[in-house]
Amino acid sequence: MIRHAFAAAALLAAAPLAAQSTTQEQLDTRYDRALAAGYKALFLCSAIANAERNGATRTPESVEQWELTGIQAPLDEIVHNLEYRLLPIPDGEGLGAVEVDWEIDMPPRVAVAENGRGCSIQPIGFEPSRLDTDSGTVEVSGSYRSYPPTSDKFVERSVQTARPGSSSETASLMIARNLADPLNNAFTEHFGEGTRTTSVLVKRGDALVEQYAEGFDPQTPQRTWSVAKSIAATLVGTAVQRGEADVTKSAGLGLFFNDRRKQITIDNLLRMASGRYSDTPGNRTDPLYFGGATVEETALHWPLLHRPGTVYRYANNDTLAAVKAIGASLKDHPPAELFVRLGMHDTVAETDWRGDYILSSQVWSTARDLAKLGQLYLDDGVLSDGTRILPEGWVDYVSAPSGPQPDGPFGYGAGFWLLNNSDGVPADTFAAMGNRGQYIVIVPSLNVVIVRRGEDPTGSRFDIAAFTRDVLESLEK
């Protein structure tokens, strides 16, 4: 595995000899610029490289219009003025890396494309002219090597389409007529002021209806954000089915035998009930997502404030710790294996630069692929060939509000949100939800999956419960 050299000695040598002092405000301003540059590098890299992998096309202008507009403060005010460079793979085709300048006395922020496995953001201060490999340090001038694939055995691909005149095409045309109003309304501000929908999809049985904004199509991936947490819960389920994990057992946190964090179970983590401290509401993990820190550094060692299982606190770190708890299983059965088995061929799970999956947020996928994940739950964890990959009862497990519950309109299960108290929505409805308006809504009693993708600006919220209600009402016409 390729490891990156930080070139610390070179950076120290370039530092001024005179002692310097700085205020907290100056430090925060500089840090925000570093994060904004990392955000821009990663999103340009991931959006373009993952589209290339799918045979789709994203331009930098499109990424700036959608992914890099309306983002969190204060990064939104900074990101647009940062200069960037797209660098190709040496002696090959496609994107190799993205560099974004942020301070004249520091190297650019760098996101590296990893040969079909998305992109990873490198640490702040990473020297882009050097890579440290098992055979020594090599110079890389103006372009980047692409990482080798994790495995060659997860490259199968098959495409199935409805035959013209087939029953599935006929059914799709019938429900498309009924769904015209709610689907068209999704691309206006009908379900939320300022919202920006990129795609919607409704699947019922063999019938599938989808609609896309200009510049997006069935092969265009977007970041799932926290929908990845539901993918993480699914991966835990597959490990349980193989006998490689037990959600009732310790997740392996804590440093010593009498460390109370050892009482935290995988179930506690999936239900956002670890009892650990998180520094901000929602547990903003900017150092990991955009700063180039690692899962190991950021997610595992937070102190315990409450008895595990007693307090709900939504935290990216809990999902990341649950994934680390099944790390041994993921070595032999990585996310790519699950995606192939489900036919999610346009989906990529990205990692930090050390190779740990960031399954709290960093998955890129299409609307069609996310619908296939929803279908797995409609089918009770059984594949079309009859193979069970989730334990019996796993659907009930992830959709049960058996842990402490959040305030607000939605309940929480194990890696999934619950629409069990939403007017006009069946009580068995549960959903994967992510930042900027990413949703997979699963309605087992009606055999329906609804997917909505968006790039909603910070402060705008798509009313997924109202959209679900309108879609279900239209289906019954």
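Computation of the quantities below employed the complete heavy-atom set of this structure, encompassing side-chain atoms and omitting hydrogens, waters and symmetry-equivalent molecules. Being a predicted model, the structure only gives us computed values, none of them experimental. Index from 1, following the sequence.
Surrounding CG of Asp279 are more than 12 heavy atoms belonging to other residues, nucleotides or ligands, all under 6.0 Å away. In the displayed structure, Arg469 atom CZ is contacted under 6.0 Å by more than 12 heavy atoms of other residues, nucleotides or ligands.
Counting all heavy atoms, side chain and backbone alike, Pro218 lies closest to Tyr212 at CA-OH, 3.5 Å. The minimum heavy-atom distance linking Gly237 with Pro391 is given by the pair O-CD, 3.3 Å. Shown here for Ala367 and Ser199, the closest heavy-atom pair between the two residues is CB-OG, 3.7 Å. When all heavy atoms of Thr351 and Tyr357 are compared, the closest pair comes out as CG2-CD2, 3.6 Å. Listed here is the closest heavy atom pair of Met433 and Leu419: CE-CD1, 3.5 Å.
Inter-residue side-chain proximity for Thr294 and Trp353 is flagged as met; some heavy-atom pair is nearer than 4.5 Å. Side-chain contact between Pro404 and Val311: absent, with no pair of heavy atoms (C-beta onward) separated by less than 4.5 Å. Leu255 places a side-chain heavy atom less than 4.5 Å from the side chain of His301. By the 4.5 Å heavy-atom criterion applied to side chains, Leu235 and Leu338 are counted as neighbours. Between Thr468 and Val448 there is no side-chain heavy-atom pair separated by less than 4.5 Å. Residues Arg109 and Ile124 form a side-chain contact, since some pair of their non-hydrogen atoms from C-beta on lies under 4.5 Å apart. Two residues are said to be in side-chain contact when any heavy atoms from C-beta on lie closer than 4.5 Å; Ile358 and Asp352 meet this criterion.
Annotation: salt bridge (charged side-chain N to carboxylate O under 4.0 Å, His left out) contacts involving residues 293-304, sequence neighbours excluded, comprise Glu296-Lys324. Residue pairs meeting the salt bridge (charged side-chain N to carboxylate O under 4.0 Å, His left out) criterion with at least one partner in residues 252-261, sequence neighbours excluded, are Asp259-Arg261. For residues 223-268, the set of pairs meeting the ring pair (Phe, Tyr, Trp, His ring centres under 6.0 Å) definition, not counting sequence neighbours, comprises Phe43-Trp225. Sorted by first and then second residue, the side-chain hydrogen bond (donor to acceptor under 3.5 Å, both in side chains) pairs with a member in residues 394-418 read Asp267-Tyr397, Arg271-Ser402; sequence neighbours excluded.
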side-chain contact (heavy atoms from CB on, under 4.5 Å) between Ile48 and Val98, intermediate numbers included: CA-CA 10 Å; Ile48 294 171; Val98 177; 5.9 Å; no
side-chain contact (heavy atoms from CB on, under 4.5 Å) between Leu383 and Leu342, intermediate numbers included: CA-CA 7 Å; Leu383 300 179; Leu342 296 181; 3.6 Å; yes
From CA spacing to verdict: side-chain contact (heavy atoms from CB on, under 4.5 Å), Thr265, Thr248: CA-CA 6 Å; Thr265 64; Thr248 67; 5.6 Å; no
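Under 3.5 Å, the side chains of Ser445 and Asp428 contain a donor-acceptor pair of N or O atoms. In the model, Thr69 has no side-chain atom that pairs as donor or acceptor with a side-chain atom of Glu455 under 3.5 Å.
Counting only distance, with no hydrogens or angles, the side chain of Asp346 and the backbone of Asn54 share no donor-acceptor pair below 3.5 Å. Using a distance-only test at 3.5 Å, with no hydrogens or angles considered, no donor-acceptor pair links the side chain of Thr197 to the main chain of Gly454. In this structure, Arg452 contributes its side chain and Gly437 its backbone to a donor-acceptor pair below 3.5 Å. A distance-only check finds a donor-acceptor pair linking the side chain of Thr458 to the backbone of Gly70 [under 3.5 Å].
Under a 4.0 Å N-O distance rule, the pair Asp318/Arg276 qualifies as a salt bridge.
Note that the CD1 atom of Ile231 and the OG atom of Ser226 stand 11.0 Å from one another [nearest 0.5 Å]. In this structure, CD in Gln438 is found 6.5 Å from OG1 in Thr198, a value given to the nearest 0.5 Å. Taking CD from Gln211 and CG from Leu179, the interatomic distance works out to 10.0 Å, rounded to the nearest 0.5 Å. Separating the SG atom in Cys45 from the CG atom in Leu87 is a distance of 10.0 Å, to the nearest 0.5 Å. The distance from the CG atom of Asn316 to the CD atom of Gln362 is 11.5 Å, given to the nearest 0.5 Å. With rounding to the nearest 0.5 angstrom, the CD1 atom of Ile175 is 9.5 Å from the NZ atom of Lys203.
In this view, Thr220 and Asp217 satisfy the side chain to side chain donor-acceptor pair (under 3.5 Å) rule, not counting sequence neighbours. For the side-chain contact (heavy atoms from CB on, under 4.5 Å) test, residues two or more places apart in sequence or in another chain that qualify with Thr224 are Val227, Ala228, Val363, Ser365, Leu370, Arg453. Listed by chain and residue number, nothing satisfies the side-chain contact (heavy atoms from CB on, under 4.5 Å) test with Thr57 (two or more places apart in sequence, or in another chain). For the ring pair (Phe, Tyr, Trp, His ring centres under 6.0 Å) test, residues two or more places apart in sequence or in another chain that qualify with Phe290 are Tyr39. Looking at residues two or more places apart in sequence or on another chain, you find a ring pair (Phe, Tyr, Trp, His ring centres under 6.0 Å) between Tyr277 and Trp302. Partners of Asn435 by side chain to side chain donor-acceptor pair (under 3.5 Å), not counting sequence neighbours: none found. Considering only residues two or more places apart in sequence or on other chains, Asn447 meets the side-chain contact (heavy atoms from CB on, under 4.5 Å) condition with Gln375, Leu378. Residues satisfying the ring pair (Phe, Tyr, Trp, His ring centres under 6.0 Å) test with Phe216, not counting sequence neighbours, are Trp66.
Across Arg436, Arg223, Arg58, a single residue satisfies salt bridge (Lys or Arg N to Asp or Glu O under 4.0 Å) together with Glu67, and that is Arg58.
Checked against a 6.0 Å centroid threshold, the rings of Tyr439 and Phe467 do not count as neighbours.
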